[in-house]
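Reviewing the structure listed below.
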Amino acid sequence: MGDTLISALALLLPFVLIVYILRFAFKHAERKQQIEANYAAEKAAQYAVQNKVLEDRVAVLEQLAIDSGAETAAQIEALRQLPERKESTN
């Protein structure tokens, strides 16, 4: 009876040890994935903020380019509509 118990423990102990090691390895891998996902989400948020800042800056530059062009065109048209000046002789 004692030999049977020792044989059963000899077979069962490595199995239990393997299961315990696999559980630990899977938990470790899961935790690592969670950390990587959190890091990726944080980076994505940073990129989104940076992208928004760049979009805002481009919008300002576009507005400046559009306004300057329109303002310049209006000034040119205003100059065209002025009566011609006669050159004065001194």
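Index from 1, following the sequence. All values reported here derive from a predicted model rather than from experimental measurement. What's counted below: heavy atoms across the whole structure, side chains too, no hydrogens, waters or symmetry copies.
- Within the model, atoms CG of Leu11 and CD1 of Ile6 stand 12.0 Å from one another, a figure rounded to the nearest 0.5 Å.
- The line from CD of Glu77 to CZ of Arg80 is 5.0 Å long, rounded to the nearest 0.5 Å.
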Using side chain to side chain contact (heavy atoms under 4.5 Å, CB included), reason through Gln50 and Tyr47 one step at a time and then give a plain yes or no. CA-CA 5 Å; Gln50 188 177 23; Tyr47 287 140; 3.9 Å; yes
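- A salt bridge between Glu55 and Lys52 is absent, with no side-chain N of the basic residue lying under 4.0 Å from a carboxylate O of the acidic one.
- Taking CD from Gln33 and NE2 from His28, the interatomic distance works out to 10.5 Å, rounded to the nearest 0.5 Å.
- Both Phe26 and Ile18 are part of a single hydrophobic cluster, where members link through side-chain heavy atoms under 4.5 Å apart.
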Apply side chain to side chain contact (heavy atoms under 4.5 Å, CB included) to the pair Lys32 and Glu36, showing each step before the final yes or no. CA-CA 6 Å; Lys32 185 177 176 183; Glu36 289 173 356; 3.4 Å; yes
